[in-house]
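Right, one structure below, let's go through it.
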Amino acid sequence: MLLLIPGPVQTSPKVRAVMADDIAPWDDEFRAEYAAMRPRITAIAGGIEGQHVSLPLPGCGHMVVEAAIRTFVKAGEKLLVVRNGGYADRLARLATEAGRIVVSLPGPDNAPMPPERLAEALAQNPDVRHVALVVSETGSGIVNDPNILGPVIAAAGRRMICDAVSGFGALPFRMSEHPECDVVVFTSNKCLEGMPGFGFAVAPIGALEAARGNAGSWVMDLADVYDHALQNGWGSFRFTPAVQALRAFGVAMDLYDAEGGQPARLARYRRNADVLYDGLIDLGFTPYVAREHQGPIIVNVHQPADPAWDFGRFLKAMKARGVIISNFFTTRAPTMRIGCIGAIGEADIRFALAEMAAVLEEMGVGRRAAA
Ligand SMILES: *Cc1c(COP(=O)(O)O)cnc(C)c1O
């Protein structure tokens with residue numbers, strides 16, 4: 001089966017193969033294996049050993065996003081959320097439910113947030129200390145680039161929190177060039193092409209030390225994850241980890257390095273996205289995002305206006321042909337999103353496009369443009 005969903009993504013058989021063993025996570029050998037991964041993770045985030053650390057948290061991506069917000073934003077403090085998509089809405093919800101005060105900076109969900117708008121919002125809200133942004137918005141495919149928005153946050157003397165989950169490892173970002181950044185979060189899956197099961201945060205040591213006691217949760221306290229490592233070693237865990245997923249992540253990082261790291265991964269995904277974007281237009285679909293704003297992680301198109309169109313039927317027919325695409329959308333208009341990430345290449349995208357053409361034909365969907 002070919003997974004063209006924006007996570008969990010298609011993985012290499014080499015990554016999956018190492019999951020078959022039982023492993024004792026507190027065993028000395030595994031401790032060493034895990035301790036060796038942590039500086040590699042920090043390096044992928046562009047962090048510097050001795051200044052930044054990587055902090056793993058078992059669970060899904062939203063857990064580590066919540067942990068980052070709880071750790072760096074005190075309860076009752078304000079957090080400005082760049083609010084231009086479905087995943088930004090999720091971030092706002094989890095921050096609110098954690099007792100943080102969300103100030104929204106809304107924007108259209110088919111374009112990145114302009115830096116001037118963020119600068120204005122910060123000027124109008126002098127009591128906001130943190131800005132949270134979703135880097136690659138998984139609901140639409142746009143990218144809010146921290147290399148553009150970060151300097152605005154720095155100039156206003158505020159702190160940045162990046163939900164980089166969907167693009168991390170492919171989109172360029174170097175923690176060492178962003179002194180305004182308190183934390184960047186991502187997972188073992190998505191662009192790093194490991195198995196799901198782990199979230200990671202990379203943070204400056206100074207910011208973590210200043211964040212002790214903020215979280216209001218033991219399980220989701222990144223400062224406590226840091227303190228535990230200081231006391232018990234970098235190969236230790238607080239709680240039972242998804243240990244097989246962690247071993248697989250080590251293999252995924254080997255494959256990442258062998259491919260050529262971030263530039264190579266971005267180039268492969270960019271090619272996937274370009275072929276997909278053009279191919280969907282050729283099939284008659286209307287893209288949700290204009291070409292100049294289209295990121296390399298997912299491509300989103302409007303669902304066709306033709307009365308013969310039936311999203312559920314389309315998905316089922318595609319699955320019967322070996323391709324799974326996302327079965328929900330978070331945009332206001334009905335859309336369909338297709339992932340460009342994972343252990344896949346141009347040939348897989350071309351295969352999926354050919355199957356889509358055949359299914360549309362079968363269903364008798366002639367008018368494929370937006371309503
Ligand atoms: C995938 C994703 C998450 C995390 O999703 P989970 O289902 O919780 O793993 C968070 N933010 C963004 C932008 C994502 O793409």
Side-chain angles (χ1 to χ4, degrees), residues 3-11 45 55-70 79 81-98 102 107 109-110 112-113 131-146 149 160-171 173 183-202 219-220 222 241-242 245-246 248-249 252 265-266 269 273 288-289 293-300 324-331 335 337-342:
L3 298 187
L4 295 185
I5 50 178
V9 302
Q10 194 88 18
T11 54
L55 306 163
L57 199 70
C60 67
H62 284 92
M63 283 190 59
V64 72
V65 175
E66 178 167 340
I69 287 170
R70 284 181 171 275
L79 170 71
V81 178
V82 172
R83 197 89 184 255
N84 56 351
Y87 284 70
D89 291 345
R90 292 170 174 216
L91 188 152
R93 174 172 175 180
L94 64 84
T96 303
E97 297 200 10
V102 167
D109 72 349
N110 59 358
M113 183 60 70
V131 176
L133 52 106
V134 174
V135 177
S136 168
E137 175 48 72
T138 320
S140 64
I142 59 153
V143 174
N144 293 305
D145 188 350
L149 299 180
M160 177 165 75
I161 293 175
C162 287
D163 170 355
V165 176
S166 76
F168 184 85
L171 297 173
F173 179 79
V183 62
V184 56
V185 300
F186 49 96
T187 67
S188 49
N189 189 246
K190 305 227 172 161
C191 302
L192 294 172
E193 300 182 3
M195 302 308 294
F198 259 93
F200 297 98
V202 172
V219 174
M220 292 210 219
L222 294 175
L246 205 55
F249 188 58
R265 196 137 296 184
L266 177 60
Y269 292 166
Y288 189 72
V289 173
H293 297 320
Q294 177 61 56
I297 308 301
I298 74 145
V299 171
N300 214 10
I324 292 191
I325 58 180
S326 184
N327 60 1
F328 68 96
F329 55 89
T330 63
T331 50
T335 55
R337 52 184 198 158
I338 301 169
C340 311
I341 60 175

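Note: hydrogens, waters and symmetry copies are ignored here, and every other heavy atom, side chains too, is used. When a residue number appears, it is its place in the shown sequence, counting from 1. One-based numbering, in listed order, for ligands and for the atoms of each.
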Notebook entry, point to check: When you look for heavy atoms under 4.0 Å from ligand 1, do you find them on the side chain of S136, its backbone, both, or neither?
Noted result: backbone
Notebook entry, point to check: Under a 4.0 Å heavy-atom limit, does K190 contact ligand 1 with its side chain, its backbone, both, or neither?
Noted result: side chain
Looking only at protein heavy atoms, which one is nearest to [atom], and how far off is it?
atom: atom 9 (O) of ligand 1; value: G61 N, 2.8 Å
atom: atom 11 (N) of ligand 1; value: D163 OD2, 2.8 Å
atom: atom 3 (C) of ligand 1; value: V165 CG1, 3.6 Å
atom: atom 15 (O) of ligand 1; value: T138 OG1, 2.4 Å
atom: atom 8 (O) of ligand 1; value: H62 ND1, 2.5 Å

Below 4.5 Å, heavy atoms only, C-beta onward: do [X] and [Y] meet side chain to side chain?
X: D89; Y: R83; answer: yes
X: D109; Y: E137; answer: no
X: C340; Y: V299; answer: yes

Atoms in ligand 1 with a heavy atom of [X] nearer than 4.0 Å:
X: C60; value: 6 (P), 8 (O), 9 (O)
X: S166; value: 15 (O)
X: V134; value: 13 (C)

Checklist line | salt bridge (charged side-chain N to carboxylate O under 4.0 Å, His left out) partners of R70, counting only residues at least two apart | finding: E66
Note to self: Could you walk me through whether F329 and Y288 satisfy the ring pair (Phe, Tyr, Trp, His ring centres under 6.0 Å) test, starting with their C-alpha distance in whole Å, then the side-chain angles of each, then the deciding distance to 0.1 Å, before giving a yes or no?
What the structure shows: CA-CA 12 Å; F329 55 89; Y288 189 72; 9.5 Å; no
Note to self: Which residue in the set V64, L91, D163 passes side chain to side chain contact (heavy atoms under 4.5 Å, CB included) when paired with I69?
What the structure shows: L91
Item checked: Donor-acceptor contact below 3.5 Å, side chain N84 vs main chain P112 -> no
